[in-house]
Asker: 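Attaching a single structure in C-alpha coordinates format; questions to follow.
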Amino acid sequence: MTWRLKLSASYIAILMVVMALMNTYPLLVSEDLVVRAKRTTLLGSAAAINAAVAGLDRLTGENVAEAMAAVEPEGVSRAIVTDSYGRVLYDTREVGNAQGYYLFYNELVEALQGNIAWYSVYQDGAFHSSAAQPVLYRNQIIGGVYVYEYDTQQAALLRTLQNNLLLVSAFLALVMVVVSLIFGRQLTMRLGALQTAIRGVREGAYNQRARLSGHDEFTQIAGEFNDLVDRLQETENARRQFVSDASHELKTPLASIRLLTDSILQNQNMDNETAREFVSDIGQEAERLSRITEDLLRLTRLDSGALETPSCVEVAPVLERVVRMLRPVAEEKGVAIYTHVDAGAEVVATEGELYQILYNLAENAVKYNRPGGSVRVYARGEGEATVLTVEDNGIGIPEEDLSNIFKRFYRVDKARSRAAGGTGLGLSIVSDTVSRRGGAVRAESIPAGGTRFVVTMPCIERGEGTL
Ligand code: ADP
(Lines give C-alpha, C1' and ligand atoms only; values in the text may rest on other atoms or scores of the structure.)
Protein backbone atom coordinates (compact mmCIF):
# COMPACT_ATOMS: atom_id res chain seq x y z
CA MET A 1 0.00 0.00 0.00
CA THR A 2 1.58 3.31 -1.02
CA TRP A 3 1.77 6.25 1.38
CA ARG A 4 -0.41 8.27 -0.93
CA LEU A 5 -3.10 5.61 -0.73
CA LYS A 6 -2.72 5.35 3.05
CA LEU A 7 -3.08 9.11 3.42
CA SER A 8 -6.11 9.24 1.12
CA ALA A 9 -7.73 6.34 2.97
CA SER A 10 -7.25 8.04 6.34
CA TYR A 11 -8.56 11.35 4.92
CA ILE A 12 -11.68 9.59 3.67
CA ALA A 13 -12.17 7.76 6.99
CA ILE A 14 -11.86 11.01 8.99
CA LEU A 15 -14.11 12.78 6.52
CA MET A 16 -16.79 10.13 6.88
CA VAL A 17 -16.72 10.24 10.68
CA VAL A 18 -16.92 14.06 10.67
CA MET A 19 -19.77 14.02 8.14
CA ALA A 20 -21.69 11.40 10.12
CA LEU A 21 -21.30 13.38 13.37
CA MET A 22 -22.15 16.65 11.66
CA ASN A 23 -25.30 15.23 10.15
CA THR A 24 -26.62 13.49 13.23
CA TYR A 25 -25.57 15.19 16.44
CA PRO A 26 -26.94 18.74 15.83
CA LEU A 27 -30.18 17.24 14.50
CA LEU A 28 -30.63 15.00 17.53
CA VAL A 29 -29.98 17.92 19.90
CA SER A 30 -32.42 20.20 18.06
CA GLU A 31 -35.07 17.48 17.97
CA ASP A 32 -34.64 16.96 21.68
CA LEU A 33 -34.98 20.70 22.32
CA VAL A 34 -38.20 20.88 20.29
CA VAL A 35 -39.63 17.83 22.06
CA ARG A 36 -38.87 19.37 25.47
CA ALA A 37 -40.61 22.60 24.46
CA LYS A 38 -43.61 20.61 23.20
CA ARG A 39 -43.86 18.80 26.50
CA THR A 40 -44.06 22.06 28.42
CA THR A 41 -46.70 23.66 26.17
CA LEU A 42 -48.85 20.55 25.75
CA LEU A 43 -48.85 19.70 29.45
CA GLY A 44 -49.64 23.38 30.08
CA SER A 45 -52.60 23.25 27.68
CA ALA A 46 -53.88 20.02 29.26
CA ALA A 47 -53.58 21.65 32.68
CA ALA A 48 -55.50 24.74 31.45
CA ILE A 49 -58.39 22.54 30.25
CA ASN A 50 -58.24 20.56 33.44
CA ALA A 51 -58.48 23.79 35.42
CA ALA A 52 -61.55 24.82 33.40
CA VAL A 53 -63.43 21.60 34.20
CA ALA A 54 -62.18 21.34 37.75
CA GLY A 55 -64.85 21.83 40.32
CA LEU A 56 -67.49 19.86 38.40
CA ASP A 57 -68.60 16.88 40.45
CA ARG A 58 -69.69 15.00 37.35
CA LEU A 59 -68.72 15.50 33.74
CA THR A 60 -71.40 15.65 31.06
CA GLY A 61 -71.33 16.75 27.45
CA GLU A 62 -73.12 19.95 28.31
CA ASN A 63 -71.22 21.16 31.34
CA VAL A 64 -67.89 20.33 29.72
CA ALA A 65 -68.83 22.22 26.51
CA GLU A 66 -69.88 25.13 28.69
CA ALA A 67 -66.62 25.09 30.61
CA MET A 68 -64.60 24.66 27.43
CA ALA A 69 -66.13 27.76 25.88
CA ALA A 70 -64.11 29.78 28.39
CA VAL A 71 -60.72 28.27 27.49
CA GLU A 72 -58.73 28.56 24.34
CA PRO A 73 -56.14 25.79 24.55
CA GLU A 74 -52.96 27.19 23.06
CA GLY A 75 -50.83 25.40 20.42
CA VAL A 76 -53.17 22.43 20.27
CA SER A 77 -54.69 20.79 17.17
CA ARG A 78 -57.21 18.76 19.07
CA ALA A 79 -58.51 18.71 22.65
CA ILE A 80 -60.67 15.89 24.03
CA VAL A 81 -62.38 15.51 27.39
CA THR A 82 -63.71 12.04 28.36
CA ASP A 83 -65.51 10.60 31.34
CA SER A 84 -63.78 8.13 33.62
CA TYR A 85 -64.50 5.25 31.16
CA GLY A 86 -62.88 6.99 28.22
CA ARG A 87 -66.12 7.98 26.50
CA VAL A 88 -65.64 11.24 24.63
CA LEU A 89 -67.73 14.09 26.06
CA TYR A 90 -66.07 16.87 24.16
CA ASP A 91 -63.87 16.93 21.05
CA THR A 92 -62.57 20.04 19.27
CA ARG A 93 -62.04 18.27 15.97
CA GLU A 94 -64.69 19.11 13.46
CA VAL A 95 -64.02 16.39 10.94
CA GLY A 96 -64.05 12.92 12.52
CA ASN A 97 -65.40 14.22 15.81
CA ALA A 98 -65.28 11.39 18.33
CA GLN A 99 -68.01 12.59 20.73
CA GLY A 100 -69.87 9.64 22.17
CA TYR A 101 -67.17 7.11 21.24
CA TYR A 102 -64.82 5.36 23.61
CA LEU A 103 -61.20 6.26 23.05
CA PHE A 104 -58.28 4.08 24.06
CA TYR A 105 -55.29 6.24 23.25
CA ASN A 106 -52.34 5.12 25.36
CA GLU A 107 -51.91 8.48 27.07
CA LEU A 108 -55.64 8.72 27.83
CA VAL A 109 -55.70 5.21 29.32
CA GLU A 110 -52.76 6.13 31.54
CA ALA A 111 -54.45 9.38 32.55
CA LEU A 112 -57.63 7.51 33.51
CA GLN A 113 -55.45 5.39 35.79
CA GLY A 114 -54.38 8.58 37.56
CA ASN A 115 -51.12 9.47 35.77
CA ILE A 116 -49.95 12.38 33.74
CA ALA A 117 -48.97 10.96 30.35
CA TRP A 118 -47.00 12.41 27.51
CA TYR A 119 -45.68 11.36 24.13
CA SER A 120 -44.02 13.09 21.19
CA VAL A 121 -42.48 11.80 18.00
CA TYR A 122 -40.98 13.30 14.84
CA GLN A 123 -42.39 11.36 11.93
CA ASP A 124 -43.07 11.97 8.26
CA GLY A 125 -41.97 15.59 8.43
CA ALA A 126 -44.09 16.53 11.43
CA PHE A 127 -44.01 16.46 15.24
CA HIS A 128 -46.86 14.43 16.64
CA SER A 129 -47.28 15.22 20.33
CA SER A 130 -49.93 14.29 22.84
CA ALA A 131 -50.48 14.78 26.57
CA ALA A 132 -53.19 13.56 28.92
CA GLN A 133 -54.21 14.24 32.51
CA PRO A 134 -56.89 12.80 34.79
CA VAL A 135 -59.73 15.12 35.90
CA LEU A 136 -60.24 14.79 39.62
CA TYR A 137 -63.08 15.60 41.91
CA ARG A 138 -62.39 15.07 45.62
CA ASN A 139 -59.53 12.79 44.69
CA GLN A 140 -61.75 10.68 42.48
CA ILE A 141 -61.01 10.30 38.80
CA ILE A 142 -64.09 11.54 37.06
CA GLY A 143 -62.61 11.93 33.58
CA GLY A 144 -59.61 12.65 31.42
CA VAL A 145 -58.22 15.48 29.30
CA TYR A 146 -56.35 14.62 26.12
CA VAL A 147 -54.57 17.14 23.89
CA TYR A 148 -52.84 16.48 20.59
CA GLU A 149 -50.65 18.63 18.41
CA TYR A 150 -49.59 18.12 14.82
CA ASP A 151 -46.71 20.52 14.08
CA THR A 152 -45.13 20.87 10.65
CA GLN A 153 -43.58 24.30 11.26
CA GLN A 154 -40.81 23.25 13.66
CA ALA A 155 -40.37 20.10 11.61
CA ALA A 156 -39.79 22.26 8.52
CA LEU A 157 -37.15 24.24 10.44
CA LEU A 158 -35.49 21.01 11.40
CA ARG A 159 -35.53 19.86 7.79
CA THR A 160 -33.97 23.14 6.66
CA LEU A 161 -31.23 22.64 9.25
CA GLN A 162 -30.73 19.10 7.97
CA ASN A 163 -30.46 20.29 4.38
CA ASN A 164 -28.05 23.07 5.30
CA LEU A 165 -25.86 20.64 7.21
CA LEU A 166 -25.84 18.31 4.22
CA LEU A 167 -24.89 21.19 1.97
CA VAL A 168 -22.09 22.33 4.29
CA SER A 169 -20.74 18.80 4.61
CA ALA A 170 -20.84 18.26 0.87
CA PHE A 171 -18.90 21.50 0.42
CA LEU A 172 -16.41 20.48 3.12
CA ALA A 173 -15.98 17.07 1.55
CA LEU A 174 -15.28 18.69 -1.80
CA VAL A 175 -12.71 21.05 -0.25
CA MET A 176 -11.01 18.18 1.56
CA VAL A 177 -10.92 16.02 -1.54
CA VAL A 178 -9.40 18.86 -3.58
CA VAL A 179 -6.86 19.66 -0.84
CA SER A 180 -5.92 16.00 -0.42
CA LEU A 181 -5.55 15.64 -4.19
CA ILE A 182 -3.22 18.66 -4.29
CA PHE A 183 -1.17 17.39 -1.32
CA GLY A 184 -1.11 13.89 -2.73
CA ARG A 185 0.17 15.18 -6.05
CA GLN A 186 2.85 17.25 -4.34
CA LEU A 187 3.86 14.27 -2.22
CA THR A 188 4.17 12.07 -5.29
CA MET A 189 6.12 14.73 -7.18
CA ARG A 190 8.58 15.39 -4.34
CA LEU A 191 9.10 11.69 -3.69
CA GLY A 192 9.49 11.18 -7.42
CA ALA A 193 12.25 13.82 -7.57
CA LEU A 194 14.09 12.07 -4.73
CA GLN A 195 13.62 8.68 -6.33
CA THR A 196 14.95 9.87 -9.70
CA ALA A 197 18.07 11.27 -8.02
CA ILE A 198 18.63 8.07 -6.01
CA ARG A 199 18.21 5.90 -9.13
CA GLY A 200 20.60 8.13 -11.08
CA VAL A 201 23.29 7.79 -8.40
CA ARG A 202 22.68 4.05 -8.12
CA GLU A 203 23.38 3.76 -11.82
CA GLY A 204 26.67 5.60 -11.38
CA ALA A 205 25.71 9.19 -12.22
CA TYR A 206 27.49 10.73 -9.21
CA ASN A 207 26.87 14.22 -10.52
CA GLN A 208 23.11 13.72 -10.06
CA ARG A 209 21.57 15.83 -7.27
CA ALA A 210 18.06 15.97 -5.84
CA ARG A 211 16.70 19.46 -6.44
CA LEU A 212 13.70 20.30 -4.27
CA SER A 213 12.44 23.78 -3.42
CA GLY A 214 10.83 24.77 -0.11
CA HIS A 215 11.74 24.08 3.50
CA ASP A 216 9.99 20.85 4.39
CA GLU A 217 11.24 17.42 5.46
CA PHE A 218 11.71 16.39 1.84
CA THR A 219 14.07 19.31 1.24
CA GLN A 220 16.03 18.22 4.34
CA ILE A 221 16.23 14.64 3.11
CA ALA A 222 17.26 15.90 -0.34
CA GLY A 223 20.00 18.02 1.32
CA GLU A 224 21.28 15.05 3.29
CA PHE A 225 21.14 12.85 0.20
CA ASN A 226 23.14 15.44 -1.75
CA ASP A 227 25.77 15.61 1.02
CA LEU A 228 25.99 11.85 0.93
CA VAL A 229 26.48 11.86 -2.84
CA ASP A 230 29.13 14.59 -2.46
CA ARG A 231 31.05 12.32 -0.12
CA LEU A 232 30.48 9.36 -2.38
CA GLN A 233 31.84 11.35 -5.29
CA GLU A 234 34.85 12.43 -3.25
CA THR A 235 35.55 8.82 -2.28
CA GLU A 236 35.07 7.70 -5.85
CA ASN A 237 37.45 10.40 -7.10
CA ALA A 238 39.99 9.47 -4.45
CA ARG A 239 39.66 5.80 -5.43
CA ARG A 240 40.18 6.60 -9.12
CA GLN A 241 43.13 8.81 -8.28
CA PHE A 242 44.60 6.09 -6.10
CA VAL A 243 44.23 3.43 -8.78
CA SER A 244 45.76 5.70 -11.40
CA ASP A 245 48.63 6.71 -9.06
CA ALA A 246 49.26 3.11 -8.08
CA SER A 247 49.34 1.95 -11.70
CA HIS A 248 51.70 4.77 -12.52
CA GLU A 249 53.99 3.83 -9.62
CA LEU A 250 54.01 0.21 -10.71
CA LYS A 251 54.57 1.14 -14.34
CA THR A 252 57.90 2.89 -13.75
CA PRO A 253 59.85 -0.05 -12.26
CA LEU A 254 58.19 -2.42 -14.75
CA ALA A 255 59.30 -0.22 -17.64
CA SER A 256 62.86 -0.20 -16.23
CA ILE A 257 62.86 -3.97 -15.95
CA ARG A 258 61.70 -4.34 -19.54
CA LEU A 259 64.30 -1.91 -20.75
CA LEU A 260 67.05 -3.71 -18.89
CA THR A 261 66.00 -7.16 -20.07
CA ASP A 262 65.70 -5.91 -23.67
CA SER A 263 69.22 -4.48 -23.48
CA ILE A 264 70.63 -7.77 -22.21
CA LEU A 265 68.76 -9.78 -24.83
CA GLN A 266 69.65 -7.53 -27.76
CA ASN A 267 73.27 -7.05 -26.86
CA GLN A 268 74.83 -10.41 -27.58
CA ASN A 269 78.33 -9.19 -26.99
CA MET A 270 77.60 -7.83 -23.53
CA ASP A 271 80.40 -8.60 -21.17
CA ASN A 272 79.72 -10.45 -17.98
CA GLU A 273 80.37 -7.47 -15.76
CA THR A 274 77.77 -5.24 -17.48
CA ALA A 275 75.27 -8.09 -17.60
CA ARG A 276 75.63 -8.62 -13.83
CA GLU A 277 75.15 -4.89 -13.29
CA PHE A 278 71.96 -4.95 -15.37
CA VAL A 279 70.61 -7.98 -13.55
CA SER A 280 71.35 -6.35 -10.21
CA ASP A 281 69.40 -3.27 -11.41
CA ILE A 282 66.54 -5.56 -12.36
CA GLY A 283 66.69 -7.02 -8.87
CA GLN A 284 66.47 -3.54 -7.35
CA GLU A 285 63.49 -2.61 -9.47
CA ALA A 286 61.80 -5.88 -8.53
CA GLU A 287 62.42 -5.06 -4.88
CA ARG A 288 60.87 -1.65 -5.38
CA LEU A 289 57.84 -3.32 -6.93
CA SER A 290 57.48 -5.64 -4.01
CA ARG A 291 57.84 -2.70 -1.55
CA ILE A 292 55.10 -0.81 -3.35
CA THR A 293 52.77 -3.81 -3.46
CA GLU A 294 53.42 -4.53 0.21
CA ASP A 295 52.60 -0.94 1.13
CA LEU A 296 49.50 -1.01 -1.08
CA LEU A 297 48.35 -4.20 0.60
CA ARG A 298 48.87 -2.62 4.02
CA LEU A 299 46.77 0.39 3.01
CA THR A 300 44.03 -1.81 1.55
CA ARG A 301 43.90 -3.79 4.78
CA LEU A 302 43.60 -0.53 6.74
CA ASP A 303 40.84 0.67 4.37
CA SER A 304 38.87 -2.53 4.70
CA GLY A 305 38.78 -2.03 8.46
CA ALA A 306 39.62 -5.69 9.18
CA LEU A 307 41.92 -4.94 12.08
CA GLU A 308 43.45 -7.29 14.58
CA THR A 309 42.35 -6.89 18.19
CA PRO A 310 44.64 -4.34 19.83
CA SER A 311 46.26 -4.60 23.23
CA CYS A 312 48.54 -2.42 25.37
CA VAL A 313 51.94 -2.62 23.71
CA GLU A 314 55.08 -1.42 25.46
CA VAL A 315 56.92 1.14 23.37
CA ALA A 316 60.51 0.53 24.58
CA PRO A 317 61.20 -2.96 23.10
CA VAL A 318 59.53 -2.12 19.80
CA LEU A 319 61.54 1.07 19.43
CA GLU A 320 64.67 -0.86 20.25
CA ARG A 321 63.98 -3.21 17.32
CA VAL A 322 63.36 -0.29 15.00
CA VAL A 323 66.62 1.36 15.95
CA ARG A 324 68.51 -1.91 15.56
CA MET A 325 67.14 -2.21 12.02
CA LEU A 326 67.94 1.38 11.06
CA ARG A 327 71.33 1.77 12.72
CA PRO A 328 73.41 0.36 9.80
CA VAL A 329 71.74 2.73 7.29
CA ALA A 330 72.03 5.64 9.72
CA GLU A 331 75.69 4.94 10.37
CA GLU A 332 76.32 4.73 6.66
CA LYS A 333 74.79 8.18 6.26
CA GLY A 334 76.51 9.57 9.32
CA VAL A 335 73.24 10.13 11.19
CA ALA A 336 73.01 9.56 14.92
CA ILE A 337 69.85 8.14 16.54
CA TYR A 338 68.89 9.03 20.14
CA THR A 339 65.88 7.68 22.01
CA HIS A 340 64.13 8.36 25.28
CA VAL A 341 61.12 6.38 26.44
CA ASP A 342 59.18 7.08 29.66
CA ALA A 343 59.15 4.02 31.88
CA GLY A 344 56.07 1.91 31.15
CA ALA A 345 54.98 3.94 28.11
CA GLU A 346 52.37 1.94 26.20
CA VAL A 347 49.97 2.40 23.30
CA VAL A 348 46.82 0.52 22.38
CA ALA A 349 47.57 -1.17 19.03
CA THR A 350 49.20 -4.33 17.77
CA GLU A 351 52.95 -4.72 17.99
CA GLY A 352 53.21 -4.82 14.20
CA GLU A 353 51.34 -1.52 13.90
CA LEU A 354 53.51 0.25 16.47
CA TYR A 355 56.61 -1.08 14.72
CA GLN A 356 55.31 0.18 11.35
CA ILE A 357 54.57 3.66 12.75
CA LEU A 358 57.93 4.08 14.45
CA TYR A 359 59.89 2.49 11.59
CA ASN A 360 58.31 4.63 8.85
CA LEU A 361 58.83 7.88 10.79
CA ALA A 362 62.35 7.07 11.94
CA GLU A 363 63.36 5.76 8.49
CA ASN A 364 62.15 9.02 6.90
CA ALA A 365 64.07 11.00 9.54
CA VAL A 366 67.22 9.13 8.55
CA LYS A 367 66.49 9.16 4.79
CA TYR A 368 65.81 12.86 4.54
CA ASN A 369 68.79 13.85 6.67
CA ARG A 370 72.28 15.17 6.11
CA PRO A 371 75.58 13.65 7.08
CA GLY A 372 76.28 14.56 10.69
CA GLY A 373 72.59 14.98 11.38
CA SER A 374 70.61 13.38 14.18
CA VAL A 375 67.27 11.71 14.81
CA ARG A 376 65.57 11.83 18.20
CA VAL A 377 62.68 9.59 19.17
CA TYR A 378 60.71 10.14 22.39
CA ALA A 379 57.78 8.40 23.98
CA ARG A 380 56.01 10.26 26.80
CA GLY A 381 52.94 9.41 28.80
CA GLU A 382 50.39 12.26 28.92
CA GLY A 383 47.29 11.29 30.87
CA GLU A 384 45.27 8.80 28.89
CA ALA A 385 47.54 9.16 25.84
CA THR A 386 51.08 8.38 24.86
CA VAL A 387 52.88 10.92 22.70
CA LEU A 388 55.49 9.59 20.28
CA THR A 389 57.77 12.24 18.82
CA VAL A 390 60.24 11.66 15.97
CA GLU A 391 62.34 14.68 15.10
CA ASP A 392 65.33 15.30 12.91
CA ASN A 393 67.52 18.19 11.87
CA GLY A 394 67.54 17.06 8.24
CA ILE A 395 66.43 18.74 5.03
CA GLY A 396 63.02 19.74 6.37
CA ILE A 397 59.70 20.02 4.56
CA PRO A 398 58.59 23.30 2.90
CA GLU A 399 55.61 24.88 4.67
CA GLU A 400 53.29 24.49 1.66
CA ASP A 401 53.93 20.72 1.49
CA LEU A 402 53.34 20.01 5.18
CA SER A 403 49.58 19.59 4.75
CA ASN A 404 50.00 17.14 1.85
CA ILE A 405 52.68 14.74 2.99
CA PHE A 406 50.16 12.30 4.50
CA LYS A 407 48.42 11.90 1.12
CA ARG A 408 49.06 8.70 -0.79
CA PHE A 409 52.01 8.86 -3.20
CA TYR A 410 52.76 12.47 -2.24
CA ARG A 411 56.46 13.28 -2.21
CA VAL A 412 58.15 16.62 -1.80
CA ASP A 413 61.08 15.61 -3.95
CA LYS A 414 60.18 12.69 -6.20
CA ALA A 415 63.71 11.94 -7.37
CA ARG A 416 65.14 11.96 -3.87
CA SER A 417 62.36 9.75 -2.54
CA ARG A 418 62.87 7.23 -5.38
CA ALA A 419 66.61 7.27 -4.95
CA ALA A 420 66.13 6.53 -1.27
CA GLY A 421 63.79 3.64 -2.13
CA GLY A 422 60.64 5.46 -1.00
CA THR A 423 57.17 4.54 -2.21
CA GLY A 424 55.34 7.71 -1.18
CA LEU A 425 53.04 5.59 0.96
CA GLY A 426 54.95 5.46 4.27
CA LEU A 427 53.28 8.46 5.89
CA SER A 428 49.81 7.46 4.60
CA ILE A 429 50.23 4.12 6.33
CA VAL A 430 51.28 5.90 9.54
CA SER A 431 48.35 8.31 9.44
CA ASP A 432 45.77 5.62 8.57
CA THR A 433 47.03 3.25 11.26
CA VAL A 434 47.11 5.95 13.92
CA SER A 435 43.62 7.21 13.16
CA ARG A 436 42.24 3.66 13.01
CA ARG A 437 43.48 3.22 16.57
CA GLY A 438 41.85 6.45 17.76
CA GLY A 439 44.97 8.59 17.65
CA ALA A 440 46.25 11.55 15.62
CA VAL A 441 49.47 12.48 13.86
CA ARG A 442 50.81 15.87 12.81
CA ALA A 443 53.98 17.16 11.21
CA GLU A 444 55.68 20.47 11.98
CA SER A 445 58.82 22.21 10.88
CA ILE A 446 61.49 22.90 13.45
CA PRO A 447 62.59 26.56 13.11
CA ALA A 448 66.26 25.64 13.45
CA GLY A 449 65.85 23.16 10.57
CA GLY A 450 64.36 19.71 10.30
CA THR A 451 60.98 18.19 10.93
CA ARG A 452 59.04 16.90 13.93
CA PHE A 453 56.32 14.25 13.72
CA VAL A 454 54.04 13.98 16.74
CA VAL A 455 51.81 10.93 17.17
CA THR A 456 49.25 10.86 19.97
CA MET A 457 47.73 7.48 20.75
CA PRO A 458 45.48 6.16 23.51
CA CYS A 459 47.29 4.08 26.11
CA ILE A 460 44.23 2.80 27.98
CA GLU A 461 42.21 -0.02 26.51
CA ARG A 462 38.54 0.77 25.96
CA GLY A 463 35.69 -1.25 24.56
CA GLU A 464 36.26 -2.36 20.98
CA GLY A 465 33.83 0.12 19.54
CA THR A 466 35.64 3.21 20.76
CA LEU A 467 38.88 2.37 19.05
P1 ADP B 1 58.46 8.15 0.93
O2 ADP B 1 58.36 6.72 0.70
O3 ADP B 1 58.67 8.95 -0.31
O4 ADP B 1 59.41 8.50 2.03
P5 ADP B 1 56.45 9.01 2.79
O6 ADP B 1 54.98 8.93 2.71
O7 ADP B 1 57.13 8.33 3.90
O8 ADP B 1 56.99 8.56 1.39
O9 ADP B 1 56.80 10.54 2.87
C10 ADP B 1 56.26 11.44 1.94
C11 ADP B 1 57.19 12.57 1.62
O12 ADP B 1 57.32 13.42 2.75
C13 ADP B 1 58.60 12.10 1.33
O14 ADP B 1 58.73 11.81 -0.06
C15 ADP B 1 59.41 13.30 1.71
O16 ADP B 1 59.47 14.22 0.65
C17 ADP B 1 58.63 13.92 2.84
N18 ADP B 1 59.17 13.57 4.16
C19 ADP B 1 58.75 12.61 4.98
N20 ADP B 1 59.44 12.59 6.13
C21 ADP B 1 60.35 13.58 6.05
C22 ADP B 1 61.36 14.08 6.91
N23 ADP B 1 61.60 13.56 8.12
N24 ADP B 1 62.11 15.13 6.47
C25 ADP B 1 61.88 15.66 5.28
N26 ADP B 1 60.95 15.23 4.40
C27 ADP B 1 60.18 14.21 4.78
Side-chain angles (χ1 to χ4, degrees), residues 238 241-242 245-246 248-253 284-303 319 322-323 325-327 329-330 332-339 353-378 387-436 439-455:
Q241 186 65 42
F242 181 62
D245 288 348
H248 187 77
E249 289 298 323
L250 294 172
K251 234 166 68 187
T252 323
Q284 272 177 19
E285 292 300 329
E287 203 186 305
R288 213 153 90 83
L289 273 179
S290 76
R291 260 202 314 274
I292 297 176
T293 40
E294 263 170 36
D295 280 358
L296 283 175
L297 271 175
R298 260 187 213 114
L299 278 173
T300 319
R301 262 200 300 270
L302 283 168
D303 277 347
L319 181 59
V322 169
V323 173
M325 286 298 288
L326 284 175
R327 190 140 278 151
V329 195
E332 200 182 302
K333 282 199 74 172
V335 175
I337 303 178
Y338 304 100
T339 59
E353 286 166 355
L354 179 61
Y355 181 86
Q356 194 74 56
I357 294 167
L358 289 172
Y359 184 87
N360 286 5
L361 294 177
E363 191 202 22
N364 280 350
V366 173
K367 261 192 326 196
Y368 303 107
N369 219 315
R370 299 190 184 93
S374 64
V375 173
R376 283 162 209 280
V377 185
Y378 306 112
V387 180
L388 307 171
T389 313
V390 179
E391 54 183 52
D392 61 69
N393 53 5
I395 61 167
I397 299 172
E399 211 56 42
E400 65 269 20
D401 292 305
L402 266 182
S403 53
N404 291 322
I405 50 167
F406 293 104
K407 289 184 183 157
R408 293 170 183 196
F409 297 114
Y410 191 88
R411 292 136 159 159
V412 178
D413 181 346
K414 260 192 179 174
R416 182 167 182 150
S417 159
R418 286 230 173 85
T423 61
L425 295 171
L427 287 181
S428 313
I429 293 173
V430 170
S431 133
D432 284 13
T433 313
V434 168
S435 60
R436 279 274 170 182
V441 56
R442 64 171 202 277
E444 55 198 34
S445 289
I446 299 173
T451 319
R452 179 185 297 123
F453 286 86
V454 184
V455 176

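Only this structure's heavy atoms are used, side chains among them; waters, hydrogens and symmetry mates stay out. If you read the sequence from its start, that first residue is 1, and numbering goes on from there. Start at 1 and go down the list; that is how both ligands and their atoms are numbered.
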Asker: Among Asp432, Asp245, Asp295, which residue satisfies the side chain to side chain donor-acceptor pair (under 3.5 Å) criterion with Arg408?
Answerer: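 In the set Asp432, Asp245, Asp295, the residue that makes a side chain to side chain donor-acceptor pair (under 3.5 Å) with Arg408 is Asp432.
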
Asker: Mind checking what makes side-chain contact (heavy atoms from CB on, under 4.5 Å) contact with Thr293, not counting sequence neighbours?
Answerer: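 side-chain contact (heavy atoms from CB on, under 4.5 Å) check on Thr293 returns Leu250, Ser290.
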
Asker: Quick one: ligand 1 N/O to protein N/O pairs below 3.5 Å?
Answerer:
| unit_1 | atom_1 | unit_2 | atom_2 | d |
| --- | --- | --- | --- | --- |
| ligand 1 | 2 (O) | Thr423 | N | 2.8 |
| ligand 1 | 2 (O) | Gly424 | N | 2.9 |
| ligand 1 | 3 (O) | Tyr368 | OH | 3.2 |
| ligand 1 | 3 (O) | Ser417 | OG | 2.6 |
| ligand 1 | 3 (O) | Gly424 | N | 3.4 |
| ligand 1 | 4 (O) | Asn364 | OD1 | 3.2 |
| ligand 1 | 4 (O) | Lys367 | NZ | 3.2 |
| ligand 1 | 4 (O) | Tyr368 | OH | 2.7 |
| ligand 1 | 6 (O) | Gly426 | N | 3.3 |
| ligand 1 | 6 (O) | Leu427 | N | 2.8 |
| ligand 1 | 7 (O) | Asn364 | OD1 | 3.4 |
| ligand 1 | 7 (O) | Asn364 | ND2 | 2.8 |
| ligand 1 | 7 (O) | Leu427 | N | 3.4 |
| ligand 1 | 8 (O) | Gly424 | N | 3.4 |
| ligand 1 | 14 (O) | Tyr368 | OH | 3.3 |
| ligand 1 | 16 (O) | Val412 | N | 3.0 |
| ligand 1 | 20 (N) | Asn364 | ND2 | 3.4 |
| ligand 1 | 23 (N) | Asp392 | OD2 | 2.9 |

Asker: Sequence neighbours left out, what passes side-chain contact (heavy atoms from CB on, under 4.5 Å) with Asn393? Give chain and number order.
Answerer: Asn369, Ser374

Asker: Going by heavy atoms in the side chains, are Met325 and Tyr359 under 4.5 Å from each other?
Answerer: yes

Asker: So, do Glu391 and Ile446 sit near enough that their side-chain heavy atoms are less than 4.5 Å apart?
Answerer: yes

Asker: For residues 395-407, please give each side-chain donor-acceptor pair under 3.5 Å, one per line with the distance, not counting sequence neighbours.
Answerer:
| unit_1 | atom_1 | unit_2 | atom_2 | d |
| --- | --- | --- | --- | --- |
| Asp401 | OD1 | Tyr410 | OH | 2.4 |
| Asn404 | OD1 | Lys407 | NZ | 2.7 |

